[in-house]
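Here is the structure we will look at, set down as structure tokens.
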Amino acid sequence: MRYLPLTDADRGEMLAKIGAGTIDDLFVDVPEEARLDGPIRGLPMHASEMAVEKHMRKLSKKNLAAADAPFFLGAGAYRHHVPSSVDQIIQRGEFLTAYTPYQPEIAQGTLQMLFEFQTQVARLYGCAVANASLYDGSTACWEAVAMASRITRRDHVVLSGALHPHYAEVVKTMAKFTSDEIAGAEPAIQSTPDNAGLISRIDDQTSCVVVQYPDILGRITDLSEVAEAAHAKGALLVVVNTEPVALGAIKSPGEMGADIVVGEGQALGVGLQFGGPYLGLFAVRDPKHVRQMPGRLCGETVDAEGKRGFVLTLSTREQHIRREKATSNICTNSGLCALAFNVHMTLLGEKGLRQLAAENHRLACQAADRLAKVPGVSVLNDNYFNEFTLMVGQDAREVVHKLAAKGVLGGVSLGRLYPGVDRLSEGLLVAVTETTSEEDIEALTNALEEVLS
Amino acid sequence: MRYLPLTDADRGEMLAKIGAGTIDDLFVDVPEEARLDGPIRGLPMHASEMAVEKHMRKLSKKNLAAADAPFFLGAGAYRHHVPSSVDQIIQRGEFLTAYTPYQPEIAQGTLQMLFEFQTQVARLYGCAVANASLYDGSTACWEAVAMASRITRRDHVVLSGALHPHYAEVVKTMAKFTSDEIAGAEPAIQSTPDNAGLISRIDDQTSCVVVQYPDILGRITDLSEVAEAAHAKGALLVVVNTEPVALGAIKSPGEMGADIVVGEGQALGVGLQFGGPYLGLFAVRDPKHVRQMPGRLCGETVDAEGKRGFVLTLSTREQHIRREKATSNICTNSGLCALAFNVHMTLLGEKGLRQLAAENHRLACQAADRLAKVPGVSVLNDNYFNEFTLMVGQDAREVVHKLAAKGVLGGVSLGRLYPGVDRLSEGLLVAVTETTSEEDIEALTNALEEVLS
Amino acid sequence: LEEPLLFEIGRTNVTGVDLPEVNTDAPNRLGGLERAEPIGLPGLTEPETVRHYTRLSRQNYGIDLGFFPLGSCTMKHNPRLNEKVARMPGFADVHPLQPRETVQGAFEVINELAHWLITLTGMHGVAMSPKAGAHGELCGILCIRAALEARGDAREVVLVPESAHGTNPATAAFAGYRVENIPATDEGRVDLEALKARLGPDVAAVMITNPNTCGLFERDMKKISDAVHEAGGFVYCDGANFNAIVGKVRPGDLGVDAMHINLHKTFSTPHGGGGPGSGPVVLSEALSPFGPLPYTARTADGVVHLVEEESADAFSKEHFGGVMQSFGRMTAFHGQMGMFTRALTYMLSHGADGLRQVAEDAVLNANYILRSMEDILHAPYAASGPCMHEALFGDRDFGGDLSTLDLAKSMIDEGYHPMTVYFPLVLHGAMLVEPTETESKATLDQFIAAFRSLVERANAGDEAMKQAPYYAPRRRLDETQAARKPNLAWAEPEDD
Amino acid sequence: LEEPLLFEIGRTNVTGVDLPEVNTDAPNRLGGLERAEPIGLPGLTEPETVRHYTRLSRQNYGIDLGFFPLGSCTMKHNPRLNEKVARMPGFADVHPLQPRETVQGAFEVINELAHWLITLTGMHGVAMSPKAGAHGELCGILCIRAALEARGDAREVVLVPESAHGTNPATAAFAGYRVENIPATDEGRVDLEALKARLGPDVAAVMITNPNTCGLFERDMKKISDAVHEAGGFVYCDGANFNAIVGKVRPGDLGVDAMHINLHKTFSTPHGGGGPGSGPVVLSEALSPFGPLPYTARTADGVVHLVEEESADAFSKEHFGGVMQSFGRMTAFHGQMGMFTRALTYMLSHGADGLRQVAEDAVLNANYILRSMEDILHAPYAASGPCMHEALFGDRDFGGDLSTLDLAKSMIDEGYHPMTVYFPLVLHGAMLVEPTETESKATLDQFIAAFRSLVERANAGDEAMKQAPYYAPRRRLDETQAARKPNLAWAEPEDD
């Protein structure tokens with residue numbers, strides 16, 4: 001077996017040294033009735049690399065890869081071109097096979113990278129401090145809610161109706177088991193988000209208001225007034241972003257007064273991967289909130305010779321020290337995805353990020369204008385970045401399947417995201433990135449015309 | 001431009017330091033009439049990584065990859081399963097982007113690898129010493145002929161008719177420009193090689209006899225008698241091997257008395273790559289011939305502190321020292337391919353190599369037996385390793401195209417290798433490796449039946 | 001070689017990508033929210049980027065470079081085939097919300113992996129979406145809470161052994177439970193009688209790690225389970241150490257109700273310097289109905305379904321007689337697909353026979369270390385029998401004022417990652433050594449020799465060890481300063 | 001960390017692949033030639049293999065780690081996109097003898113790259129199959145010889161400047177020519193008048209490197225070509241330094257008849273620790289008919305043909321009026337496809353504008369180094385004007401008994417690969433520094449500072465430099481011992 005270096009001769013010598021007759025003598029503590037007498041039935045035996053690769057390739061070919069079709073899906077996971085050097089770097093054994101950097105003397109590579117990553121995220125979000133990543137955007141959103149409760153010592157949470165429904169579900173699920181009360185709703189079909197309605201739900205019990213920006217329908221709005229209203233009531237504003245590229249074009253949440261900014265970092269470096277692993281981003285505007293943050297934090301220090309170095313720090317917040325009193329039960333971060341984000345962002349730089357955002361927006365505008373001309377179709381949004389909502393005049397779920405039958409991955413239906421909410425059923429979310437070609441836009445337009453006619 | 005780190009500001013500062021007004025001041029030595037005034041016409045301007053990748057992917061999709069069809073081609077290039085760790089290792093920047101190890105203090109990785117590689121090749125070939133690789137098997141074959149002429153101070157070369165015709169062509173081409181005289185022929189259609197005929201061509205003028213093993217028709221024969229005959233006349237025996245995996249099953253050329261063994265190493269680690277880059281292997285049985293060898297050699301030594309280390313050595317044979325008196329004009333070796341071979345061979349080890357060879361032979365026997373049952377088809381060979389010659393009773397070139405039209409890459413026609421040699425036109429070389437499945441054999445059998453009926 | 005920070009070498013007007021220049025005059029639909037202020041994100045061209053990260057990487061230690069005897073962390077070889085498979089476009093370049101008919105292969109991977117996990121553990125169901133071990137623990141505890149609530153049984157306490165991973169109590173607390181400790185015997189195992197005495201109608205669950213963090217198998221596991229079940233509670237098993245028993249024992253046969261599986265430990269998906277992980281949770285029949293959304297299931301027609309909010313109720317009625325009552329969603333989308341493909345590739349490579357060999361070799365390697373060190377290091381549980389996949393030592397026997405930490409940092413100079421230290425908390429100056437099955441005997445022999453020589457140096461009072469490491473990219477780092485005045489993001493240095 | 005040899009850690013009964021056990025009783029068709037004796041090839045499992053080579057790699061220095069100021073070797077960044085493209089199954093997993101209809105994409109790559117090379121050089125044709133630069137030189141010289149023979153003109157001499165790469169005279173000799181030196185002027189260029197005086201009916205060709213190995217452009221190149229042509233000879237240009245002029249000057253406009261192009265230099269395919277290279281040769285109209293087989297050509301119907309022995313005569317008659325008279329085949333199959341895909345990817349990335357910028361930045365970087373060092377190092381040709389892509393210095397001015405070699409080895413301790421030393425031979429203690437266009441100004445500034453400080457230390461007679469390097473995986477290696485008693489393969493140590 002190609003991953004197991006012991007030979008039978010080795011095993012014999014080692015058993016002799018141990019003083020055991022057979023390997024089963026080492027399993028004496030397992031009650032005899034629980035011991036299996038041979039390989040578990042119902043599973044295949046070991047296989048060569050070639051055979052396994054063949055099997056997995058067969059499974060992979062049963063999926064339609066995004067590159068092989070005109071592709072317009074977003075809704076919290078965006079397809080961008082990832083420079084080839086990103087994957088090359090994250091596959092270096094020293095990064096790929098490293099452990100959590102608890103031994104900083106031999107983990108400066110990971111640690112310095114995390115320090116750079118934290119700085120990039122903080123700046124992108126307009127915040128003071130970001131952590132070293134969480135699992136994904138949706139769990140980061142829940143951690144933000146929990147953190148707001150700790151800070152405000154309140155337990156009522158106001159969720160914007162235009163928060164990604166999976167994120168809202170995660171918050172609601174978790175809240176069932178804690179004492180938090182959650183108020184949320186589905187989005188209204190209107191061209192701009194309902195900030196006034198949201199503000200009206202904030203009261204003295206509110207720990208935080210959670211708003212997505214751009215929101216689930218792709219809409220953009222100035223959040224300053226929400227921030228002011230929340231602060232006036234002693235509540236925090238949590239802003240969720242699922243498309244970091246947007247922040248190369250539009251104001252950061254921090255600039256508009258957000259207290260905690262969380263989001264999904266997948267768009268940069270990580271790729272689609274059918275939903276995971278992704279990259280939870282988490283930042284706070286005010287450094288005084290750092291000690292209430294969940295997850296790992298990397299900080300600068302010096303070594304015994306006075307050289308600059310980096311360590312995981314403030315771990316007294318964490319479970320391995322504080323156990324049941326920790327700020328979160330989280331242990332793992334999304335280290336390798338953070339590296340991918342960090343490398344991609346470094347390749348972009350501010351210049352490239354702004355160019356990338358501009359190109360996304362340009363193509364999205366072009367697509368929206370073109371699609372709006374399809375009979376029966378209208379664009380809901382006044383404003384958007386690279387994703388907008390089309391109203392297609394019939395059940396968009398069906399439309400999506402019919403487009404797929406024509407080889408076009410045409411978007412995400414609101415019906416899939418909000419099953420049973422009739423007023424949303426005709427909505428289709430369409431995302432456009434730099435990977436979208438003009439031919440793709442043409443293909444979607446034509447397919448949509450045929451499907452709707 | 002993503003690979004060019006100078007900004008316009010940098011360029012300005014640097015020109016100032018240099019004391020030049022414009023960049024063109026640095027090109028003053030180019031006669032004005034030869035200077036181009038802008039980008040060369042007829043070529044596109046720079047393009048993004050995404051755009052280039054798209055273009056190249058389009059071109060790649062115009063080729064039928066071997067994995068996507070039942071595949072039976074050999075004739076000097078063999079398709080084997082390369083473990084995924086091989087490619088991972090050769091892509092490490094420290095190997096991929098290293099220079100020729102002329103500074104051994106910072107190139108021990110490459111040098112130790114070459115020392116291991118040389119040892120592996122020498123042992124595989126049954127020789128004393130191997131070099132650090134040449135371009136490919138065919139050029140290595142010519143270098144062996146040239147070396148034999150230097151050693152024997154004779155200039156008549158006897159080529160076996162069953163030497164790969166490309167190899168024979170290379171030798172003949174080069175010999176046109178040197179003083180060597182070449183006697184060669186095409187192979188006879190018979191079940192075993194004609195050793196007696198070959199021996200009869202050796203005389204007192206012969207510098208060397210060149211034999212392929214297994215030969216171009218896949219035949220295997222004991223070369224001891226050829227070696228004895230050559231040595232009796234003071235000539236050297238050069239043995240060419242194009243399938244190193246075979247040497248996990250059959251006697252090495254060195255064991256049978258070969259003086260110089262050369263070959264193509266592509267089968268291990270390197271892959272098909274449409275013919276290049278490949279890996280020339282070169283070894284000598286007698287260590288006294290080392291100073292007549294072409295190409296780089298890596299040797300063991302010690303450093304100033306007495307630690308074991310490796311260096312390129314005996315470079316007084318080489319062009320950068322000896323210039324017009326060098327043993328060869330060769331400069332480059334095939335370093336990264338040698339690493340791939342070295343890693344693949346290490347993963348195999350003797351145990352795995354023998355298993356691999358046995359599996360190839362088992363499947364080849366199975367395929368030969370199955371194909372022999374196709375009406376109109378016979379197997380030429382008495383003996384073979386993983387490749388044999390089918391006689392198909394009609395022009396095999398046409399058969400190959402008809403098989404391709406059915407989606408089967410069925411082998412290499414002798415007509416392609418020996419255009420205009422009518423007696424060979426009905427031969428089809430069929431190679432079978434561990435990557436060939438029983439379904440593939442079935443697919444070829446069925447397609448061949450249809451094509452021939 | 002020192003490598004500066006990106007912020008010291010990058011420039012905001014440099015980029016390593018080729019994109020059209022921004023046309024600031026172009027009309028836009030950004031609602032007047034253009035980002036006008038500089039963001040402060042420096043860029044590097046591709047050559048500079050590759051060099052920056054290649055140099056940084058060389059300040060790291062990884063499994064590819066050497067041995068990580070990290071107890072309870074299971075740092076084993078990460079096969080490269082797994083990386084290759086995960087990058088196949090059909091897995092890497094697929095959107096989680098693509099129409100079902102275009103992602104059947106992805107559903108099959110999830111379902112096939114689920115089948116392996118259920119079969120290897122002898123359990124009834126599995127929740128695939130948890131993102132990491134701790135997330136899996138949370139999932140398991142929430143299943144327990146949902147099951148209890150479904151029967152109207154509000155319980156308040158979760159019992160956890162002192163030797164548990166920190167995530168165990170943190171998880172229980174996060175799910176709203178009060179945490180109480182379970183006492184241990186002198187042999188390093190759960191005290192069955194004491195546990196029985198504490199059980200009662202307020203105990204929702206017992207969280208046990210088996211093999212435990214002392215590297216021992218809980219001999220009384222079945223009895224513990226029976227007792228907990230009798231008292232109306234559930235048994236959560238921390239599966240971090242499943243490596244030791246995979247293919248040899250099925251947790252389901254021991255009465256476990258829920259156990260998370262760290263795919264990055266037992267099933268070798270890479271640690272990646274701290275993640276991403278993946279923590280599927282296998283569930284007993286009693287808990288299976290309460291698992292989170294989404295889940296996959298193959299119906300009689302061979303089609304694999306992904307059951308989400310949209311279809312959960314209808315699907316439960318049609319295929320499960322309405323028994324499925326998910327407690328809800330724990331994460332967006334469907335879990336760590338990239339880790340599933342790697343883990344499945346690993347399982348298929350080893351097969352049922354190979355995985356059994358994995359456990360045997362892991363245990364053999366650990367006992368080899370235990371028996372090669374017990375004469376010179378305090379090994380409190382060594383007398384009671386073999387260990388499982390890891391060997392535990394304490395600092396009782398070294399001389400002088402040298403600490404476990406000094407020994408650990410000295411290992412760095414010998415070319416090793418330090419072992420796990422000061423965990424589990426139950427043993428003073430604990431050193432927990434887990435060799436895993438992918439280390440050769442030659443590596444272990446070298447390690448043992450180095451380890452013994454360090455212990456001897458410590459016993460001889462070698463003060464130099466207090467300053468170790470000497471031959472690492474950094475000497476010991478000042479963690480106190482880092483925490484006292486946290487500097488968590490780069491700032492331009494102020495002018496003098 | 002020292003890494004043992006494979007032969008010291010591997011075992012012949014260990015393997016890192018999973019294949020069926022050998023059934024020695026199975027019937028075979030090996031003709032009684034079974035390999036019975038042990039071969040002596042040790043194996044390692046995958047974890048051991050990955051670790052062995054990862055550790056070995058870390059004893060290497062590469063472009064990814066730092067600056068290689070290697071004159072005439074053009075060590076520039078190797079873009080990762082190129083590696084990705086070369087691995088696309090349509091390129092990597094294609095057999096060279098597949099039926100033409102299944103490899104049109106491969107023919108198109110060769111043809112498209114040929115078009116780029118011809119256009120960039122202003123030449124008439126190109127031979128794609130040479131495997132490396134020296135092989136390309138041989139190809140060019142053989143074309144010249146074939147062309148001369150075709151007109152019945154047997155000439156015997158090839159003129160080569162003293163400063164030429166060693167491959168130039170070796171190639172000419174290998175092709176059966178007598179080599180004579182061309183004198184140089186004090187300015188480091190070919191002495192036009194002396195050359196003219198030597199030309200005559202016995203001179204087959206002149207081999208010139210332009211830009212030359214002193215880093216200078218041969219100002220008289222056109223005049224040289226005209227004179228050679230007038231004397232009935234041909235001009236071979238060594239294209240190793242094409243990096244300096246790509247997109248700025250076309251060798252075809254200077255009268256060159258043949259020039260090889262090192263794809264691993266100008267067009268950035270990786271050096272790989274010594275290869276593989278690829279050396280296509282562009283040819284003038286006079287030489288194009290004589291190029292080697294096979295070649296590719298696109299016919300009017302848009303189809304790209306690969307012309308081999310099989311079809312060469314017919315194809316020449318149909319499409320070239322019978323003019324093509326190849327001198328034959330230089331290698332099996334069709335050349336270095338894997339390098340073609342990389343080079344084409346690089347060219348498409350840069351485009352015509354980017355390649356021009358490549359030359360400008362390469363020359364700018366080199367002059368920046370020249371002007372930053374000329375005050376403290378002997379730079380014999382600096383006064384005569386700018387250099388091209390590389391700057392040449394001599395050892396005349398340093399004090400004491402320290403040598404160029406000591407300076408070079410000391411650079412290792414500063415974190416750099418040494419520059420090219422003792423080449424070209426025309427300058428005593430030569431140091432040839434080529435920064436290439438992919439190094440940043442910051443890197444150059446650091447390098448210049450380090451270089452200056454070493455020169456100052458040398459001038460101050462710092463004897464410590466004689467023992468450098470100190471901070472490398474090895475100190476200076478004993479090359480004499482290696483050559484005197486060559487040990488070129490591992491042997492089991494003899495028992496004492």
Side-chain angles (χ1 to χ4, degrees), chain B residues 5 10 14 26 29 39 43 45-46 52 56 59-60 62-65 73 89 93-94 97-98 100 105-106 108-110 119 123 135 138 166 169 173 250 273-277 299-301 303-304 309 313 319-320 323-324 326 329 331-332 334-336 347 349-352 355 358 383 404 419, chain D residues 12 15-17 19 22 31 33 40-41 43 53 56-57 59-64 85 88-90 93 95-96 99 102 105 131-132 134 166 169-171 173 179 217 272-277 310 328-329 332-333 336-338 348 351-354 368 386 440-441 472 474-475 482 487 489-490:
Chain B
D10 293 332
M14 294 166 76
L26 303 181
D29 288 328
L43 297 174
M45 297 296 121
H46 73 278
V52 175
M56 294 303 290
L59 288 177
S60 82
K62 291 189 183 177
N63 298 327
L64 176 60
L73 279 74
I89 289 165
E94 292 90 334
T97 73
T100 307
E105 298 87 351
I106 49 174
Q108 286 298 306
T110 294
T119 308
R123 292 179 174 199
Y135 307 138
S138 67
H166 286 181
E169 280 303 316
T173 297
I250 57 176
Q273 300 196 86
F274 198 62
E300 185 181 319
T301 186
D303 79 353
T313 190
Q319 45 73 29
H320 65 279
R323 301 177 76 84
E324 63 267 29
N329 83 328
C331 174
T332 311
S334 202
L336 205 66
L347 281 163
E350 182 151 342
K351 177 176 178 179
Q355 288 178 323
N383 300 312
Chain D
T12 54
T15 177
V17 299
L19 284 161
V22 175
L33 290 169
L41 293 169
Y53 290 100
L56 278 185
S57 78
Q59 305 198 14
N60 265 7
Y61 188 87
I63 267 287
D64 282 2
V85 166
M88 290 176 180
D93 192 22
H95 192 284
T102 67
K131 293 283 198 179
T171 297
V179 176
F217 193 87
E310 176 177 17
R329 178 179 280 278
F333 312 124
Q336 306 286 66
M337 184 67 179
L348 289 166
D353 53 337
Y368 186 67
S440 69
K441 178 169 179 292
R474 284 292 178 282
R475 305 291 302 277
N487 179 5
W490 193 77

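Order of the sequence lines sets the chain letters (A, B, ...), proteins ahead of strands, with each chain counted from 1.
D:Thr15 places a side-chain N or O within 3.5 Å of a backbone atom of B:Leu347 that can act as its donor or acceptor partner. Looking at D:Gln336, its side chain does come within 3.5 Å of a backbone N or O of D:Gly277 through a donor-acceptor pair.
In terms of heavy-atom proximity, D:Trp490 sits nearest to B:Arg123 at O-NH2, 3.2 Å. Heavy-atom minimum distance, D:Ala134 versus B:Tyr135: CB-OH, 3.8 Å. Considering all non-hydrogen atoms of both residues, B:Phe274 and D:His95 come closest at CD1-O, 3.6 Å. Nearest approach of B:Glu105 to D:Arg475, heavy atoms of both residues: CG-O, 3.5 Å. When all heavy atoms of B:Gly275 and D:Lys131 are compared, the pair lying nearest together is O-NZ, 3.6 Å.
Contacts with chain D were tallied for B:Gly109, B:Gly93, B:Gly349; B:Gly109 has the most, counting heavy-atom pairs under 4.5 Å. Ranked by heavy-atom pairs shorter than 4.5 Å toward chain B, the options D:Pro89, D:Ala332, D:Gly328, D:Gly338 are led by D:Ala332. Looking only at heavy-atom pairs under 4.5 Å with chain D, the residue among B:Pro419, B:Gly309, B:Ala404 that has the most is B:Pro419. Most heavy-atom pairs under 4.5 Å with chain B, from the set D:Gly43, D:Pro96, D:Gly351: that is D:Pro96. For the options B:Gly352, B:Ser334, B:Gly299, heavy-atom pairs under 4.5 Å to chain D are most numerous at B:Ser334. Heavy-atom pairs under 4.5 Å with chain B were tallied for D:Val179, D:Val22, D:Leu56; the largest tally goes to D:Leu56. Of all the listed residues (D:Pro169, D:Ser440, D:Ala132), the one sharing the greatest number of non-hydrogen pairs under 4.5 Å with chain B is D:Pro169. Between chain B and the options D:Pro276, D:Ala173, D:Gly354, the largest number of non-hydrogen pairs under 4.5 Å is found for D:Pro276. Between chain D and the residues B:Met56, B:Lys351, B:Glu350, the largest count of heavy-atom pairs under 4.5 Å involves B:Glu350. Interface check for chain D: of the options B:Thr100, B:Leu43, B:Asp10, the most heavy-atom pairs under 4.5 Å are formed by B:Leu43. Your options are D:Leu19, D:Thr102, D:Asn60, and the one with the most heavy-atom pairs under 4.5 Å with chain B is D:Asn60. The candidate with the highest count of non-hydrogen atom pairs below 4.5 Å against chain D, out of B:Asp303, B:Leu59, B:Thr301, is B:Asp303.
Judged as a salt bridge (Lys or Arg N to Asp or Glu O under 4.0 Å), and not counting sequence neighbours, D:Asp353 has no contacts. Under the side chain to side chain contact (heavy atoms under 4.5 Å, CB included) criterion, B:Thr97 pairs with D:Ile63, D:Asp64, D:Asn78, D:Arg80, not counting sequence neighbours.
At a 4.5 Å heavy-atom cutoff, the contact between B:Thr313 and chain D is made by side-chain atoms alone. Only the side chain of B:Ile89 comes within less than 4.5 Å of a heavy atom of chain D; its backbone N, CA, C and O stay farther away. With a 4.5 angstrom heavy-atom cutoff, D:Val85 touches chain B only via side-chain atoms. Looking at B:Ala358, only its side chain comes within 4.5 Å of chain D, counting heavy atoms on both sides.
Using a 3.5 Å distance cut-off with no hydrogens or angles, the side chains of D:Asn487 and B:Glu300 do pair a donor with an acceptor.
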